[in-house]
**Q** 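My structure is below; once you've seen it, I'll send some questions.
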Amino acid sequence: MSLAALAREHGTPLFVYSKQWMLDALGAYQRGFDGRDALICYAMKANSSLGVLRVFAEAGCGFDIVSGGELSRALAVGADPARIIFSGVGKTRAEMKQALDAGIGCFNVESEAELDVLNEVASTSNQRARISIRINPNVDPKTHPYISTGLKGNKFGIAHDRALHAYRHAAKLPGLDVVGIDCHIGSQITEMSPYLDACERILDLVEAIEAAGVPIRHLDFGGGLGIDYNGEVPPAADALWKQLLARLDARGFGNRKLIIEPGRSLVGNAGVCVTEVLYVKPGEDKNFCIIDAAMNDLPRPAMYQAFQNIVPLQMRSGGSDERTIYDVVGPICESGDWIGRDRSLNVEAGDLLAVLSSGAYCMSMSSNYNTRGRAAEVMVSGARATLIRRRETLEDQLRSELPREG
Ligand code: LLP
């Protein structure tokens, strides 16, 4: 499939995803869980485009959601509500009611106050909310501080030390049905050891909670497995689970139902963003390669100083390979609008580049900053390419605005 041909047909910037890559990534988890009672809930915050969700729904996945909007997206592609889990520190009453009415599988509750509110919302509508409590195990995932979530200083989960108290409290609330325990320690994790440490700490807790008379039916180990952006070698999903399952077996928990919430590792390297070089601008200190994708499309470099590989889609005529060091930047009026720094490229205006590893946390984090419309998205499956999101028009952007007073 020619990315250049897709760019000619649909324009740029253009996200192009490989369905087979997503299914292969999912396959590594499925192999890891072979013969176990396990549910893979795709963390749709990584990429919540309906065409992507459909791939995972059809493959039998559940979904990890963090808002009522994400719930509606999952239901729109025919997700089984019983396979939906709802994470997040700030669920509103309306979102709780929406999820209860939909019959979701489990709420991952993140504070003691949330337990009480969920109990109230469920009781008021004569329902019972299945819950697990998200534990903050205070384990260092060794990743960027903005995407560490299981350390004491993070806003997520209930502290390990308070967990037993919270479970005792939850078990007494008539609107709640305690079904599991859960943790998620961070994202773009490239080592196994933080998972193994978190696993031991969670199992210690399960033993204590069950000794207090509260049965725990499922164990949810969150998501977070990293991908290769720039030569990182994260563990393969099946290799990670081999180790984790060995721990679970050794401690007698191998038969429990298992849930995981992977996002990035299922879609990150399934996608590229194709972009056109608008201008090449030599400078005194720096040379700039100005492209038509920007931080509104690809926010990770600006937000996390993240690295994404950038690959030209054409050979220079005559085969010359005269490279120049460029900062690859977007058109947005901010110095933070860079996509790659100090990249060695042989490019001229009109060339196409592919920004790699753009399947996760790009479109789902995109914005309209500078009144830029969101890019289009294409899903490739075998020899077929399907437009799954048309380019956002100015009319789309202005639709919800009310410019006149009174
Ligand atoms: N479960 C929960 C409760 C989460 O908070 C997250 C991600 C996941 C699952 C999925 O984690 P993953 O497998 O994708 O690592 N925007 C950032 C990433 C933020 C991740 C937040 N939570 C980035 O672009 O790096």
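Both counts, for ligands and for their atoms, begin at 1 and track the order of listing.
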**Q** Which protein non-hydrogen atom lies closest to atom 24 (O) of ligand 1, naming both residue and atom, and how far is it?
**A**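 In this structure, atom 24 (O) of ligand 1 has Arg300 NE, 2.6 Å as its nearest protein heavy atom.
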**Q** Quick one: which ligand 1 atoms are inside 4.0 Å of a heavy atom on Gly223?
**A**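 Near Gly223, meaning under 4.0 Å from one of its heavy atoms, ligand 1 has 13 (O).
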**Q** Suppose I only count heavy atoms of Pro262 and a 4.0 Å limit; which atoms of ligand 1 are within that range?
**A**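 Those atoms are 13 (O).
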**Q** Please could you name the atoms of ligand 1 that Ala43 approaches to less than 4.0 Å, counting only its heavy atoms?
**A**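 It comes down to these atoms of ligand 1: 8 (C), 9 (C), 10 (C).
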**Q** If the contact criterion is a heavy-atom separation under 4.0 Å, does His144 count as touching ligand 1?
**A**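 Checking ligand 1 against His144, which is what was asked, there is no heavy-atom contact under 4.0 Å.
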**Q** If I apply the N/O under 3.5 Å rule, does Ser87 come out as touching ligand 1?
**A**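 No; every N/O pair is 3.5 Å or more apart.
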**Q** Strictly distance-based, threshold 3.5 Å: is any side-chain N or O of Arg128 a donor or acceptor partner for the main-chain N or O of Pro174?
**A**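 The answer is yes, because a donor-acceptor pair under 3.5 Å joins these two groups.
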**Q** At what distance is the nearest protein heavy atom to atom 14 (O) of ligand 1, and which residue and atom is it?
**A**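 Looking at atom 14 (O) of ligand 1, the protein heavy atom closest to it is Tyr361 OH, 2.6 Å.
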**Q** Within the distance-only criterion (no hydrogens, no angle test), does the side chain of Asn269 pair as donor or acceptor with the backbone N or O of Asp228 below 3.5 angstrom?
**A**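 Yes, Asn269 side chain to Asp228 backbone: donor-acceptor pair under 3.5 Å.
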**Q** Looking only at protein heavy atoms, which one is nearest to atom 16 (N) of ligand 1, and how far off is it?
**A**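 Going atom by atom, the protein heavy atom closest to atom 16 (N) of ligand 1 ends up being Tyr304 OH, 2.8 Å.
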**Q** For the pair Ser366 (side chain) and Ser364 (backbone), establish whether a donor and an acceptor sit closer than 3.5 Å, ignoring hydrogens and angles.
**A**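 Checking the backbone N and O of Ser364 against the side chain of Ser366, no donor-acceptor pair under 3.5 Å is found.
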**Q** Any ion pair linking Lys97 and Asp101 (charged N to carboxylate O, less than 4.0 Å)?
**A**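 Answer for the salt bridge query: yes.
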**Q** Report yes if Gly222 has an N/O atom closer than 3.5 Å to an N/O atom of ligand 1; otherwise report no.
**A**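 No - when backbone and side-chain N and O of Gly222 are compared with those of ligand 1, no distance drops under 3.5 Å.
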**Q** Examine the proximity of ligand 1 to Asp64 and report which part, side chain or backbone, both or neither, has a heavy atom under 4.0 Å away.
**A**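 The side chain, only.
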**Q** Does some non-hydrogen atom of Gly224 fall short of 4.0 Å from ligand 1?
**A**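 So Gly224 counts as touching ligand 1.
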**Q** For ligand 1, is there an atom lying under 4.0 Å from some heavy atom of Arg134?
**A**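 Under 4.0 Å: yes for Arg134.
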**Q** Give a yes or no on this: more than 12 heavy atoms of other residues, nucleotides or ligands lie within 6.0 Å of atom CZ of Arg399.
**A**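 Atom CZ in Arg399 is crowded, with more than 12 foreign heavy atoms closer than 6.0 Å.
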**Q** Which residue holds the protein heavy atom closest to atom 1 (N) of ligand 1, what is that atom called, and what is the gap in Å?
**A**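 The closest one turns out to be Glu261 OE1, 2.6 Å.
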**Q** Nearest protein heavy atom to atom 15 (O) of ligand 1, by residue and atom, and its distance?
**A**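 It is Ser187 OG, 2.4 Å.
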**Q** Check the angle between the aromatic planes of His144 and Tyr304 and answer parallel, tilted or perpendicular using the 30° and 60° thresholds.
**A**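 Perpendicular: the ring planes of His144 and Tyr304 meet at over 60°.
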**Q** At the 4.0 Å heavy-atom cut-off, does Ser265 count as touching ligand 1?
**A**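 No, that is not the case, since the closest heavy atom of the residue is not under 4.0 Å from the ligand.
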**Q** Give me the nearest non-hydrogen protein atom to atom 19 (C) of ligand 1 as residue plus atom name, then the distance to 0.1 Å.
**A**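 Its nearest protein heavy-atom neighbour is Ile147 CG2, 3.7 Å.
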**Q** Tell me which protein heavy atom sits closest to atom 4 (C) of ligand 1, plus the residue, atom name and distance to 0.1 Å.
**A**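 Residue, atom and distance for the closest contact: Lys45 NZ, 3.1 Å.
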**Q** Are Phe63 and Leu71 packed together at the side-chain level, in the sense that at least one heavy-atom pair is separated by less than 4.5 angstrom?
**A**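 Not touching, per the 4.5 Å side-chain cut-off.
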**Q** Give the C-alpha distance, both sets of side-chain angles, the deciding distance and a yes or no for salt bridge (charged side-chain N to carboxylate O under 4.0 Å, His left out) between Lys45 and Glu70.
**A** CA-CA 8 Å; Lys45 62 171 79 68; Glu70 286 196 347; 5.9 Å; no
**Q** Are any non-hydrogen side-chain atoms of Ile339 and Gln308 less than 4.5 angstrom apart?
**A**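 No - every pair of side-chain heavy atoms lies 4.5 Å or more apart.
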**Q** What residue and heavy atom of the protein are closest to atom 11 (O) of ligand 1, and at what distance?
**A**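 The answer is His184 CE1, 3.3 Å.
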**Q** Okay, side chain of Arg134, backbone of Glu110: is any donor-acceptor separation there less than 3.5 Å?
**A**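 A pair under 3.5 Å: no.
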**Q** What part of Met303, side chain from CB on, backbone N/CA/C/O, both or neither, has a heavy atom under 4.0 Å from ligand 1?
**A**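 It is neither part, as no heavy atom is under 4.0 Å.
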**Q** Between Asp37 and Arg256, is there a side-chain N and carboxylate O pair less than 4.0 Å apart?
**A**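 Salt bridge: no.
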**Q** Can we say Arg374 and Asp396 salt-bridge, meaning some charged N sits less than 4.0 Å from an Asp/Glu carboxylate O?
**A**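 So Arg374 does not pair with Asp396 through a salt bridge.
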